[in-house]
Trainee: 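I am attaching a structure below and will ask some questions about it afterwards.
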2 protein chains.
Amino acid sequence: MSAIAESPLFSPLYRQISGLITRSLQAGEWKPGDVIPSEIELAQRYKVSQGTVRKAIDDLSASNLLVRRQGKGTFVATHAEEQTRFRFLRLAPDSAPGAPKPGEREPLSRRFLGCSRQRAPADVARAIGLRAGDAVLQVRRLLYFRGQPVVLDDIWLPAALFKGLTSNRLSAYRGPMYGLFEAEFGVRMVRAEEQIRAVAADADAASLLELDPGAPLLSVERVAYTYGDRAVELRRGLYDTRSHHYRNELG
Amino acid sequence: MSAIAESPLFSPLYRQISGLITRSLQAGEWKPGDVIPSEIELAQRYKVSQGTVRKAIDDLSASNLLVRRQGKGTFVATHAEEQTRFRFLRLAPDSAPGAPKPGEREPLSRRFLGCSRQRAPADVARAIGLRAGDAVLQVRRLLYFRGQPVVLDDIWLPAALFKGLTSNRLSAYRGPMYGLFEAEFGVRMVRAEEQIRAVAADADAASLLELDPGAPLLSVERVAYTYGDRAVELRRGLYDTRSHHYRNELG
DNA sequence: TAGTGGTCTAGACCACCAA
DNA sequence: TGGTGGTCTAGACCACTAC
């Protein structure tokens, strides 16, 4: 018997359990990087068998919300670790003689060009669930691979969630941007959707990316979501794909 | 995807079972669209418990090799069905008033421009595991959405695997190309990797896609694999993204 | 050695589908 | 009604990690 109220709609126990665990994550009961209680403890807490908790955790770890480590425990996934630094950046250098071997990391650096408070244009507001005119922060930055500018990002965030975010704070943080978001603002990016197009560089982008106006660029428009499928970031990126490519796996 | 360097010392039972099932698929014991034996039958056949077979099938169905249907059985995945027609085509129309609602399908048609036998150039040969000069078939085709040309594909296939493939046969087949491949040639595409770039249209592409030379196009280079991670197709696509986009999900 | 996740089993019962 | 996959349990044992 379970301690959970029966619902008129059929929902298997393990799904109810994964819902409860997600709520605890959302509420901050366990923070990114933390260990969560063992399967046996959770089974006692929710009054179900270990196998049911196991299946719930399987699902959450397939969704990249949790990470299992045999012998150690189950941890809340985080963007602040080395291995997951590029989980959302699909740009990879074209293979070439002298290029870093698989597993090695290309030298990457960044430069923040600004962080300003604005009223959200209609399209931005729609994308991140605000009303036109609501306050948003806009961040502009460049990414450099091996010293060459390759990515120009414009990022919009709801101002209400990121109070006090500045260029200086962004520059000072060591690690990926989403690591800063979860550590300083309690906003964890869980998944994202991207729309990709080919566009011609305008004068602005051309000068920042050090190429000719009209040159073809990859336009990558991303909406990122936190727990509960809540959109909290719109990002428009322009990628120079002369010596890099966007990689994707089709299953 | 590559679980290459797995320790040979320990392989769980369910993984051995999923390996045996994969071999049966590869050998054609069960063909695309067929039902495979029930979990109980497989458990008896392999002399393990139903739970172990279950876990093996879970993995294979997560890899899209099998499809479970409650109450009916477990089926070999196929490209020849309506619902999976677009599993490998990530191009979607930009949302616009008057556009088909989610779930509806954009009218799509195609035109084959040629199918010729060639000696494989070095880069093509490398991509699909042949030696330079080996015989390959090259297919060129256009895809039209709502009557407008949007995709120009150049496709290379090992001639040894696709004997007798012609433009006529391609045109005559109703359904997706990969459906023809599995039905007529016994080659089933299981997964693929894509590299995406922005390029400028050359004269040839511009005229076929009905746009100006130099216009930005999405270049999508795909290598598709069959069972056993064997590369069997190279495809270079040029997508007009003025009113469509390549969609992707990041988990 | 103790605790964690990982595997495997056996059996009961539920939800879905077809004849 | 009988067969399929789906859920849930209980318990045994294995593999990995830390102390």
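As a basis for the values below, the full set of heavy atoms in this structure was taken, side chains included, without hydrogen atoms, waters or symmetry mates. Numbers restart at 1 for each chain; the letters A, B, ... are given by sequence-line order, proteins then strands.
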Trainee: Taking all non-hydrogen atoms of both residues, which atom of A:Leu234 and which atom of A:Ile128 are closest, and how far apart?
Mentor: N-CG2, 3.6 Å

Trainee: Could you check how far NZ of A:Lys55 sits from P of C:dT7, rounded to whole Å?
Mentor: 14 Å

Trainee: What is the minimum heavy-atom distance between B:Tyr14 and B:Ala56, and which atoms define it?
Mentor: O-CB, 3.4 Å

Trainee: Atom OH of B:Tyr14 to atom C1' of C:dG5: distance rounded to whole Å?
Mentor: 12 Å

Trainee: Toward the 5' end of DNA chain D, which comes first, A:Arg15 or B:Thr74, by nearest nucleotide?
Mentor: B:Thr74

Trainee: Thinking salt bridges, do A:Arg90 and A:Glu194 make one under a 4.0 Å N-O criterion?
Mentor: no

Trainee: CG/A:Leu130 to CH2/A:Trp156 distance, rounded to the nearest 0.5 angstrom?
Mentor: 13.0 Å

Trainee: Dot-bracket for DNA chain D: what is it, with Watson-Crick or G-U pairs under 3.5 Å, [ ] where a pair crosses earlier ones, and | for a pair to another strand?
Mentor: ||||||||||||||||||.

Trainee: Does this structure show an ion pair linking B:Arg191 with B:Glu193, if we count only N-O contacts that are shorter than 4.0 Å?
Mentor: yes

Trainee: Counting only side-chain N and O atoms of B:Arg68, is one of them less than 4.0 Å from OP1 or OP2 of D:dG6?
Mentor: yes

Trainee: At less than 4.0 Å, is any side-chain N or O atom of A:Arg54 found next to OP1 or OP2 of C:dG5? Yes or no.
Mentor: no

Trainee: Can you check whether A:His79 and A:Phe181 have ring centres sitting under 6.0 Å from each other?
Mentor: no

Trainee: Side chain of A:Leu13 only, heavy atoms from C-beta on: which candidate in D:dC8, D:dG5, C:dG5 is closest?
Mentor: D:dC8

Trainee: Is a donor from one side chain sitting under 3.5 angstrom from an acceptor on the other, for A:Asn248 and B:Tyr246?
Mentor: yes

Trainee: Rounding to a whole Å, what distance do you find between B:Ile17:CD1 and C:dT7:P?
Mentor: 14 Å

Trainee: Quick one: CZ on B:Arg235 to CE on B:Met189, what's the gap to the nearest 0.5 Å?
Mentor: 7.5 Å

Trainee: Please determine, by modelled atom types, if B:Tyr178 and B:Glu233 share a side-chain donor-acceptor pair under 3.5 angstrom.
Mentor: yes

Trainee: Say you draw a straight line from CZ of B:Arg141 to CE of B:Met177; how long is it, rounded to the nearest 0.5 Å?
Mentor: 5.5 Å

Trainee: Round to a whole Å and report the spacing from CG of B:Leu60 to C1' of D:dG5.
Mentor: 15 Å

Trainee: For A:Phe75, is the NZ or CZ atom of A:Arg69 found under 6.0 angstrom from the centre of its six-membered ring and inside 45 degrees of the ring axis?
Mentor: yes

Trainee: C:dG5 P sits how many Å from A:Asp58 CG, rounded?
Mentor: 12 Å

Trainee: What string of B, S and - do you get for nucleotides 14-19 of chain D, 5' to 3', when a contact is any protein heavy atom under 4.0 Å?
Mentor: -BBSS-

Trainee: For DNA chain C, determine which residues of residues 34-50 of chain B have any heavy atom closer than 4.0 angstrom to one of its atoms, and list them numerically.
Mentor: B:Val48, B:Ser49

Trainee: Take the protein atom CG of B:Leu66 and the nucleotide atom P of D:dG5, then report the distance between them rounded to whole Å.
Mentor: 11 Å

